[in-house]
Every structure is written in structure tokens, then in C-alpha cells.
Amino acid sequence: MTGNDIRRSFLDYFTRQSHTVVKSSSLVPDKDPTLLFTNAGMVQFKNVFLGQERLPYSRAASSQKCLRISGKHNDLEAVGRDTYHHTFFEMLGNWSFGDYYKAEAIEWAWELLTREWGLPKDKLWATVYLDDDQAERLWAKISGLPAERIRRFGEKENFWEMGETGPCGPCSEIHLDRGPEACDRNGLPGHVCQVNGDCARYIELWNLVFIQYNRKDNRELEELPSKHVDTGMGLERITAVLQNVLSNYDIDFM
Ligand code: SER
């Protein structure tokens with residue numbers, strides 16, 4: 001599959017799950033003074049999550065152009081040092097606006113990766129937020145992953161926030177083990193290849209955010225009236241995986 005086929009295949013898969021495909025929004029958010037650039041697919045839906053705007057559909061999917069060069073999600077320091085971060089990239093995503101929640105988000109992500117795209121189940125890992133027993137149980141039931149490949153992490157890794165304020169919540173990530181040959185820190189003293197470690201062997205493929213709070217100016221978390229789903233998967237990264245190359249810079253559309 002080319003990168004364009006992969007984008008199409010993602011959007012088609014979620015169309016079959018009754019999602020409305022929406023266009024990538026502007027890289028400069030037009031109605032959000034809290035962000036300089038669009039840093040995730042959910043930015044155009046911020047007011048929907050906050051209950052301040054209603055859309056004629058409750059499920060959406062898109063491939064959003066993103067820039068991560070400033071603010072909370074700033075990848076500038078990683079670009080050029082590893083082979084899988086970019087300042088500018090596309091993020092594939094699916095959303096539920098008060099519609100489905102954790103079970104469907106996990107089920108569809110797992111089905112798309114393993115059945116549609118054929119990724120090997122024994123190379124995939126899932127992570128959940130510290131106290132998210134529900135997501136952990138769902139992962140075990142839906143994917144059949146053994147307990148040692150469903151790991152818990154804290155706020156830094158498994159609680160996603162768009163910026164200093166705004167919709168946020170615990171998240172669950174899917175990581176891929178690309179094998180020992182993908183490690184770029186081999187032989188360094190004390191180095192251990194691991195999920196959320198510091199080498200290129202395990203890479204995060206997809207982030208499933210369970211949006212249930214609004215982070216307010218005073219840093220307090222306010223429970224939102226409805227629960228939502230916001231997922232994001234870098235198109236360049238999944239394309240490298242499906243095209244069987246270790247560097248995003250070796251995919252067909254770079
Ligand atoms: N908003 C989350 C992220 O950017 C999931 O789409 O990772």
C-alpha cells in the first residue's frame with residue numbers, strides 16, 4: 001500500500017463504522033486563541049467536546065495536518081535525532097462525540113491494525129492510565145494480549161491534554177516492537193529497550209484518548225457533561241510500518 005492507500009483505507013474503515021469523514025482543518029486554528037498551531041486532529045472539535053457546539057453527526061474521522069513546534073506538544077527537539085518525529089505531519093483520527101467510548105475505540109483500533117492491515121499481534125503492546133482498570137480489562141478481552149503486554153503508565157505518558165487548558169482525559173496507546181535491530185542505542189551503558197523507553201525499537205503507533213475533563217485556567221479538572229473519544233495515529237509512522245522500513249523518511253511520499 002502507498003501512503004495515500006493507507007490514508008484511504010483508514011477513512012474507509014471508519015466510514016464503514018458510520019463515521020463522517022471531515023476535512024483537515026487549517027493549520028492555524030481560526031477560533032482558538034489558546035493555540036498557535038493545530039497540533040492534533042481534535043482541535044477543530046474542541047467546542048464540541050466542551051458542549052458548546054453541536055454537529056449533525058456524532059462520529060467523525062479525518063487525516064489532519066498538524067504542526068508540533070511550540071506549546072505543550074513540541075517535537076522540535078526530536079526531529080532529526082530520531083526517524084519517526086516530524087514538525088509537520090498528518091494525523092489519522094476517529095472521534096466519538098458523546099457516542100461510543102472505550103470498548104469500541106479499542107475494538108476498532110485492534111481490528112484495523114491486526115485484521116485489516118495484518119500487523120503481528122505478538123509484536124503489539126497496549127498501555128493504559130494508572131487507574132484505568134476498565135481500559136485494561138477491555139484490552140485483555142478484545143485483543144487477548146497477555147497481562148504483561150498491557151502496561152500502566154502515569155500522567156506524562158497516558159493522560160492527554162491539548163494545551164494548558166481544554167478537553168483532556170486518560171489515554172491508552174498501542175505500541176509496536178520493531179525488533180532488536182531497530183534499537184538505535186544498542187550497547188549504551190544501562191540501556192534497556194522498552195515501551196516508552198528511549199530507543200527506536202518500541203514505537204507508539206496510536207493514541208486513544210478518553211476525553212472526560214476540561215482543564216480550566218486554574219488547572220482544575222472539570223468533569224464534562226458527556227464522554228468522548230479522540231484518537232490519533234501518525235500517517236507517516238504507520239506508513240513506515242506497513243511499508244516495512246525503519247525510517248519515516250524512507251516511505252513513498254517523503
Ligand atoms: N489528541 C491525541 C493525540 O494527539 C489523540 O488524537 O495524540
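Atoms within each ligand, like the ligands themselves, are counted from 1 in listed order.
Side-chain contact annotation: T231 with N94, donor-acceptor N/O pair under 3.5 Å present.
A perpendicular orientation is assigned to the rings of F14 and W206, their planes being inclined by more than 60° (bins at 30° and 60°).
Aromatic ring centres of F37 and H73: separated by at least 6.0 Å.
In this structure, the side chain of R178 does not engage the main chain of C183 through any donor-acceptor pair within 3.5 Å. Judged by distance alone, with hydrogens and angles left aside, the side-chain atoms of S172 form a donor-acceptor pair with the main-chain N or O of T127 at under 3.5 Å.
Ligand 1 lies under 4.0 Å from heavy atoms of A40, M42, R68, M91, W160, N207, V209, D230, T231, G232.
Considering all non-hydrogen atoms of both residues, R149 and K121 come closest at NH1-O, 3.0 Å.
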